> 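I have a structure here, written as structure tokens, and I will follow up with some questions on it.
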Protein chains: 2
Amino acid sequence: MGSDNRCENCIIRQFNSLRAMSKEELKQVSDSKTTKTIKKGEAIFEEGEKLNGVFCVRDGVSKLSKLSSNGKDQIVKLATKGEVMGQRSVIAEETSNLSAVAVNDMELCFIPKEIIVNTLHKNPDFAFEVLRLMAHDLKEADDVIVNISQKTVKQRIAEAFLYLKANYGEDADGYLILTLSREDIANVVGTATESCIRIISEFKKKGLLKSSGKKLGILDEKTLRELAEGF
Amino acid sequence: MGSDNRCENCIIRQFNSLRAMSKEELKQVSDSKTTKTIKKGEAIFEEGEKLNGVFCVRDGVSKLSKLSSNGKDQIVKLATKGEVMGQRSVIAEETSNLSAVAVNDMELCFIPKEIIVNTLHKNPDFAFEVLRLMAHDLKEADDVIVNISQKTVKQRIAEAFLYLKANYGEDADGYLILTLSREDIANVVGTATESCIRIISEFKKKGLLKSSGKKLGILDEKTLRELAEGF
DNA sequence: AAATATATATGATAATTGTCACCTTTTCGA
DNA sequence: TCGAAAAGGTGACAATTATCATATATATTT
């Protein structure tokens, strides 16, 4: 086993709560973790499933979604490199309220819940760090609630593109690095796929977005931002 | 000072994270806390305000809301007896993302943040308890997102009444104990006040709700539930 | 009790968004 | 590489919801 496979040496750790763990604790985690490769479109866990641990994203992006009673998926969060999925369910000792599906090819570490829970009870710094991250998630969730209920679909789609650029960046040609299908974007903003496609087409016609194959790029960020703010 | 004014003896404590505090810690909290009386309609804190502590609700109900760019208030959560407000901001060391306004007359205890943060760092049981409650809030926020984006206004209003009955109960005559204005209900479900009034009128005509003065009561819970589920 | 403000109510209308039908393009497996 | 399946796209229309105007009822103040 190469040393790059050890949590102690994992750079990803710098971005999540594991950075508050002691050398000893990290060693324990590393010894009991398993690494998984997940292909685009595959499920990591399903809504209602009992999670026996958490998943640390080493590479790729996962969509965390919840099925509504009308049969549509609502994407609640996108989890990226460095983020830990499943913490909420493990801490609350509940089955998962969300499903996780890979948006692109992923590499994950699975960490058994016993280690997480034990460390939470023994290491207050770790607990505080997890708390801080969960506080952040909660704030983001509040923002999503306000956006969905008070902004129009057009505003939310504009905002989604700004979010994708800000969080995942764009390539040398100005195309967004994270490519989501129209259906996924619709499920993020909470609208019908057709409505989403229509508005993206409109944005392209107006010169706000460009596309090449499946890739989409932002041409006019200023106008997009004004749109999102409601002007 | 009467002993009923001491956190150690406060029954409310049983319902929140403070139950995980030691005798010593509680004594500290009690010595530094201040009690406040807030009248209906008054603000406890505002969005953007820096909070120097948390508020423990001893009596009454507060609405936690966020102003959207279009000028409307979205109520994100109702905080009741036993709940602690402002934890998120104190933990994340950020200004509050929400405003808190009293829905009815309230009694609160204000606990300085230093004590909370210190205890979080020293007492893992307390940290874990806060974590558990925040995990629960996060799940509820996810549910709200899905409901708002996937259900119709009518479904959400039906759901709101079921929620009010389940969480606050009804009096001897079958009227809901927590009376919210139509505007508040509209701000909970994320719709225009007029739309909310219209749908409540419709529910009354259909015999699902009854009203007497400002009070509203549920007459046909079964149909209301079916409506909320989308039948 | 009168005057004023606030909350509730309702109609008319416009704007937004969803649904269904159908078509084209792209992707991917056999 | 062919053909099926999936994704993207668009029109027509229906349903939902917001907005504006205005009326009435209820609460609050003086």
Side-chain angles (χ1 to χ4, degrees), chain A residues 39-42 63 68-74 101 103-105 147-158 160 176 179-206 209-217 227-228 230, chain B residues 39-42 63 68-74 101 103-105 147-158 160 176 179-206 209-217 227-228 230:
Chain A
K39 285 206 205 83
K40 176 179 172 174
E42 283 182 1
K63 53 182 178 184
S68 78
S69 48
N70 70 13
K72 284 197 182 168
D73 246 359
Q74 173 68 36
V101 172
V103 170
N104 43 35
D105 291 352
N147 274 338
I148 288 196
S149 81
Q150 308 284 8
K151 291 193 172 179
T152 65
V153 171
K154 201 176 287 187
Q155 289 179 294
R156 283 179 270 148
I157 291 180
L176 293 169
T179 299
L180 294 178
S181 69
R182 311 298 150 106
E183 191 182 1
D184 280 344
I185 297 174
N187 291 344
V188 166
V189 303
T191 189
T193 307
E194 295 95 323
S195 300
C196 181
I197 289 174
R198 225 181 288 275
I199 289 171
I200 290 177
S201 297
E202 188 193 322
F203 285 176
K204 284 198 287 187
K205 276 183 200 126
K206 286 188 180 162
L209 298 177
K210 62 179 174 178
S211 67
S212 162
K214 294 198 78 79
K215 288 198 158 297
L216 284 164
L227 249 174
Chain B
K39 286 205 205 84
K40 175 177 172 175
E42 283 181 1
K63 52 182 178 184
S68 77
S69 48
N70 69 14
K72 285 197 180 167
D73 245 1
Q74 173 68 36
V101 172
V103 171
N104 43 36
D105 291 351
N147 274 337
I148 289 197
S149 82
Q150 308 284 7
K151 291 193 172 180
T152 65
V153 171
K154 201 177 287 186
Q155 288 179 295
R156 283 179 270 150
I157 291 181
L176 292 170
T179 299
L180 293 179
S181 69
R182 311 298 149 105
E183 191 182 359
D184 279 344
I185 298 174
N187 290 346
V188 166
V189 305
T191 188
T193 308
E194 296 97 320
S195 300
C196 180
I197 289 173
R198 224 180 286 275
I199 288 171
I200 290 177
S201 298
E202 187 193 323
F203 284 176
K204 284 199 287 188
K205 278 185 198 125
K206 285 187 179 163
L209 298 177
K210 62 180 173 179
S211 67
S212 162
K214 293 196 77 80
K215 288 196 157 297
L216 284 163
L227 249 172

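Values below: every heavy atom of this structure, side chains too, minus hydrogens, waters and symmetry copies. Numbers restart at 1 for each chain; the letters A, B, ... are given by sequence-line order, proteins then strands. Computed from a predicted structure; not experimentally measured.
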> Does B:E42 reach the main-chain N or O of B:V101 with its side chain, forming a donor-acceptor pair under 3.5 Å?
no

> Taking the axis from the first five pairs and the axis from the last five, what angle separates them in the helix from C:dA1-D:dT30 to C:dA30-D:dT1, rounded to 10 degrees?
50°

> How many whole angstroms separate atom CD of A:E183 from atom C1' of D:dA6?
10 Å

> Who passes salt bridge (Lys or Arg N to Asp or Glu O under 4.0 Å) against A:K206, sequence neighbours left out?
A:E202

> Which parts of residues 149-158 of chain B get close to DNA chain C, meaning a heavy atom less than 4.0 angstrom away?
none

> List for me each residue that meets side-chain contact (heavy atoms from CB on, under 4.5 Å) alongside B:K215, sequence neighbours excluded, and say none if there are none.
B:D171, B:Y175, B:T179

> Measure CD/B:E202 against P/C:dT10 and give the value in whole Å, please.
11 Å

> Let me know the distance between NZ of A:K204 and C1' of C:dT25, rounded to the nearest Å.
12 Å

> Check this one for me: any side-chain N or O of A:S181 less than 4.0 Å away from OP1 or OP2 of D:dA7?
no

> Return the residues of residues 185-193 of chain B meeting this criterion: a heavy atom under 4.0 Å from some atom of DNA chain D. Order them by number, or give none.
B:T191, B:A192

> Quick one: A:R182 CZ to D:dA6 C1', roughly how many Å, whole number?
14 Å

> Would A:V153 and A:R198 count as a side-chain contact (heavy atoms from CB on, under 4.5 Å) here? Give the steps.
CA-CA 11 Å; A:V153 171; A:R198 225 181 288 275; over 6 Å; no

> For every nucleotide of nucleotides 21-30 of chain D, 5' to 3': is a protein heavy atom under 4.0 Å from its base (B), only from its sugar-phosphate (S), or from neither (-)?
----------

> Select one nucleotide: of C:dT8, D:dG9, C:dT17, the one nearest the side-chain heavy atoms of A:S195.
C:dT17

> Who pairs with B:A158 by side-chain contact (heavy atoms from CB on, under 4.5 Å), at least two apart in sequence or on another chain?
B:F203, B:L224, B:L227, B:A228

> Is the shortest heavy-atom distance from the side chain of B:I199 to the side chain of B:T191 under 4.5 Å?
no

> Apply side-chain contact (heavy atoms from CB on, under 4.5 Å) to A:N187 and list each qualifying residue two or more places apart in sequence or on a separate chain.
A:D73, A:I75, A:E183

> How would you list, by chain and number, every residue that makes a side chain to side chain donor-acceptor pair (under 3.5 Å) with B:N70, sequence neighbours excluded?
B:S68

> Run the side chain to side chain donor-acceptor pair (under 3.5 Å) test against B:K204 and tell me which residues pass, sequence neighbours left out.
B:S211

> According to side-chain contact (heavy atoms from CB on, under 4.5 Å), who are the partners of B:I197, at least two apart in sequence or on a separate chain?
B:R182, B:T193, B:S201

> Applying salt bridge (Lys or Arg N to Asp or Glu O under 4.0 Å), can you list everything that pairs with B:K72, at least two apart in sequence or on another chain?
none

> A:I197 has an atom CD1; how far is it from atom P of D:dG11, in whole Å?
13 Å

> Is there a side-chain polar atom (N or O) of B:K72 under 4.0 Å from OP1 or OP2 of D:dA18?
no

> So how far is it from A:R156 CZ to A:I148 CD1, rounded to the nearest 0.5 Å?
6.0 Å

> Expressed as a whole number of angstroms, how long is the span from A:I148:CD1 to D:dT17:P?
15 Å

> Between D:dT19, D:dT10, C:dA9, which nucleotide gets closest to the side-chain atoms of B:R198?
D:dT19

> Roughly, in whole Å, what's the span from CD1 in A:I200 to P in D:dT10?
11 Å

> I need the B:L176 CG to B:K214 NZ distance, nearest 0.5 Å.
14.0 Å

> When the distance from NZ of A:K205 to C1' of D:dG11 is rounded to whole Å, what number comes out?
11 Å

> Can a side chain N or O of A:S201 be found less than 4.0 Å away from OP1 or OP2 on D:dT10?
yes

> Output the distance between atom NZ (B:K40) and atom CG (B:D105), rounded to the nearest 0.5 Å.
8.0 Å

